[in-house]
Structures are given as C-alpha cells and as structure tokens.
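Remarks on the structure that follows.
Everything quoted here is computed from the prediction, not taken from an experiment. Here, residue 1 is the first one in the sequence, and each next residue gets the next number.
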Amino acid sequence: MNVEIVYYKSPIGALEIRSAGSAISDVLFVNSWKGAKVNEAELNFVKPKSAIIRSCIKQLDEYFAGKRTEFHLHIAQVGTEFQQQVWKELCLIPYGRTISYLELSKRIGNVKAIRAVGTANGNNSVSIIVPCHRVIGSNGELVGYGGDLWRKKWLLDLENKVANCVQTLF
C-alpha cells in the first residue's frame with residue numbers, strides 16, 4: 001500500500017495528513033501529540049503527490065474558509081467494530097450542531113457505553129473530517145478533545161458562525 005504523509009498549515013496549527021492508498025487514514029494536529037512540541041517552521045510543507053491528499057487539502061481549505069460544511073473523502077481509519085460504529089455516527093452530526101457523549105451513546109444503541117464512546121471519540125485519527133469536536137459534555141461544557149480544547153472551541157465557533165450567522169464577541 002502506498003502511504004504518503006504531508007503537513008498542512010491550518011489556521012489552528014499544522015496538521016499531519018496521511019493517506020493509505022486512495023483513502024485518508026489520519027488528520028492529526030501536530031502539536032497535540034502527547035508531549036509533542038514541534039517547531040512548525042521545521043516541518044516540510046510539500047505539495048502532495050496523491051490525488052486523495054490534494055482533495056483533502058482543498059476540502060480543508062474550503063472548510064476553514066467557511067465554504068464547506070461536509071467532507072467527501074474516502075476514509076480508511078483503523079479501529080475496532082465499536083470504534084467504527086462511533087466514528088460513523090460522528091459523521092451524522094450536522095455541521096454547526098453539537099451533541100453530548102450521552103446522546104452519542106444513545107445513538108449507537110447503548111446508553112451504558114458512554115465511557116467507551118468517549119474513548120472511541122478520543123481515538124478518532126481523522127480530526128475535523130470525522131467531527132469528534134462536535135461532541136460536548138451533557139452540561140454543555142467543552143470537554144475532551146485530543147486537539148486541545150481551544151481548537152475545539154475555535155472549530156465550533158467557526159461552524160456556528162457559518163451555519164447560524166452568529167459572530168462570537170470574545
């Protein structure tokens with residue numbers, strides 16, 4: 001299988017995008033890996049060779065510009081059957097909306113699996129495209145995001161602004 005790794009400059013930090021053949025396998029925030037503090041100036045931002053990564057970057061550009069509300073990419077994320085079920089359900093959360101971890105566990109048909117749902121959500125390796133940032137605490141608080149909570153807030157603010165014509169004041 002042909003694997004390609006490319007770095008992408010997003011408005012909220014560098015992303016590492018990986019392809020697995022003709023599918024996207026990872027979109028990860030570089031400076032959110034456990035303990036990692038990478039100097040983004042040292043990353044090699046090269047033009048992608050594969051069509052799938054070029055398409056991914058184009059769609060990310062459109063998303064960050066507020067012109068894209070859905071991604072249309074082939075995803076090949078490695079995970080258990082349960083994780084796959086959770087990730088599939090994440091993709092059904094509408095742009096600009098949020099649900100709680102409890103609601104997500106209800107949607108997969110197992111209200112008692114709330115912790116496992118949270119773990120599966122945290123193991124999502126295709127950030128933004130599989131929108132794990134749209135899951136919040138039952139009390140409406142922002143909790144648990146592998147890309148750091150400030151990024152989760154930024155992404156939710158962007159989507160809220162575009163979807164609901166709402167401008168944040170702070």
Side-chain angles (χ1 to χ4, degrees), residues 1-98 104 108 117-135 142 144-163:
M1 179 179 305
N2 192 15
V3 174
E4 183 179 8
I5 300 172
V6 172
Y7 295 97
Y8 167 77
K9 289 183 185 179
S10 86
I12 51 177
L15 293 167
E16 181 176 295
I17 303 172
R18 296 181 190 180
S19 67
S22 62
I24 297 297
S25 62
D26 299 275
V27 176
L28 303 166
F29 290 102
V30 171
N31 277 323
S32 290
W33 298 330
K34 296 190 188 316
K37 287 298 171 207
V38 175
N39 180 352
E40 291 184 12
E42 296 174 4
L43 295 175
N44 188 10
F45 294 95
V46 298
K47 292 198 178 237
K49 296 174 186 166
S50 67
I52 188 68
I53 291 187
R54 283 193 305 273
S55 180
C56 180
I57 288 172
K58 180 180 184 288
Q59 291 185 42
L60 284 167
D61 283 343
E62 293 166 351
Y63 171 83
F64 286 120
K67 296 177 181 174
R68 175 172 290 278
T69 60
E70 292 180 10
F71 290 92
H72 301 286
L73 295 164
H74 184 215
I75 302 295
Q77 191 170 191
V78 177
T80 65
E81 186 177 320
F82 178 79
Q83 288 172 322
Q84 297 289 341
Q85 181 183 13
V86 171
W87 299 333
K88 183 177 179 182
E89 196 61 45
L90 289 173
C91 292
L92 299 177
I93 304 170
Y95 179 92
R97 305 298 279 281
T98 59
L104 184 55
I108 65 162
V117 161
T119 300
N121 198 47
N123 286 327
N124 170 30
S125 67
V126 187
S127 299
I128 303 168
I129 296 164
V130 176
C132 55
H133 61 277
R134 295 181 189 153
V135 183
L142 298 185
Y145 187 61
D148 297 324
L149 287 180
W150 72 268
R151 285 189 181 101
K152 183 174 191 163
K153 181 179 181 335
W154 193 99
L155 293 166
L156 292 173
D157 286 347
L158 169 70
E159 292 185 8
N160 190 38
K161 177 182 166 187
V162 172

### Message
Looking only at side-chain N and O atoms, does Tyr145 offer a donor or acceptor that is under 3.5 Å from a partner on Asn121?
### Response
no
### Query
Does Arg151 reach the main-chain N or O of Ile12 with its side chain, forming a donor-acceptor pair under 3.5 Å?
yes
### Test salt bridge (charged side-chain N to carboxylate O under 4.0 Å, His left out) applied to Lys161 and Asp157, step by step
CA-CA 6 Å; Lys161 177 182 166 187; Asp157 286 347; over 6 Å; no
### Message
With a 4.5 Å cut-off on side-chain heavy atoms, are Leu28 and Ser125 touching?
### Response
yes
### Query
Which pair of non-hydrogen atoms, one from Cys132 and one from Asn124, has the smallest distance, and what is that distance?
SG-ND2, 3.1 Å
### Query
Does some side-chain heavy atom of Phe29 sit less than 4.5 Å from a side-chain heavy atom of Leu15?
yes
### Task
Run the salt-bridge test on Lys67 and Glu62 with the 4.0 Å N-O cut-off and return the result as yes or no.
no
#### Entry: Asp26 vs Ile17, side-chain contact (heavy atoms from CB on, under 4.5 Å): CA-CA, chis, key distance, verdict
CA-CA 6 Å; Asp26 299 275; Ile17 303 172; over 6 Å; no
### Query
Got Asp61 and Tyr8 here, is their nearest side-chain heavy-atom distance under 4.5 Å?
yes
### Message
Is any side-chain heavy atom of Arg134 closer than 4.5 Å to one of Tyr95?
### Response
yes
### Minimal non-hydrogen separation, Trp87 against Ala120, with atom names
NE1-O, 2.8 Å
### Validation row: Ile57, Val6 side chains within 4.5 angstrom (heavy atoms)
yes
### Query
Got a donor-acceptor contact below 3.5 angstrom from the Glu16 side chain to the Ile5 backbone?
no
### Message
Is the shortest side-chain heavy-atom distance between Phe82 and Val117 below 4.5 Å?
### Response
yes
### Query
Knowing that exactly one of Val130, Val126, Ile129 qualifies, which makes a side chain to side chain contact (heavy atoms under 4.5 Å, CB included) with Cys91?
Val130
### Task
May I ask you to decide if Ile108's main-chain N or O and Gln85's side chain share a donor-acceptor pair within less than 3.5 Å?
yes
### Task
Report yes or no: do Ser55 and Gln59 form a side-chain donor-acceptor pair below 3.5 Å?
yes
### Message
Can you confirm whether Ile24 sits close enough to Arg18 that some side-chain heavy atom of one is under 4.5 Å from a side-chain heavy atom of the other?
### Response
no
### Query
Any salt bridge between Arg97 and Glu159, counting N to O under 4.0 Å?
no
### Task
Verify side-chain contact (heavy atoms from CB on, under 4.5 Å) between Trp150 and Leu155, making sure each step is shown before the conclusion.
CA-CA 9 Å; Trp150 72 268; Leu155 293 166; over 6 Å; no
### Message
Checking the side chain of Asn123 only, and the main-chain atoms of Gln83 only, is there a donor and an acceptor separated by less than 3.5 Å?
### Response
no
### Task
Nearest 0.5 Å please: distance from the CG atom of Leu60 over to the NZ atom of Lys9.
15.5 Å
Under 3.5 Å, which donor-acceptor pairs link side chains of residues 69-76 to any protein atom two or more places apart or in another chain?
none

### Summary
Separation between CD1 (Ile53) and OG (Ser19), nearest 0.5 Å, reads 4.0 Å
### Query
Would you say the side-chain atoms of Arg54 pair up with the backbone N or O of Lys49, donor to acceptor, closer than 3.5 Å?
yes
### Task
Return yes if some donor-acceptor pair links the side-chain N/O of Lys152 with the main-chain N/O of Val135 below 3.5 Å, else return no.
yes
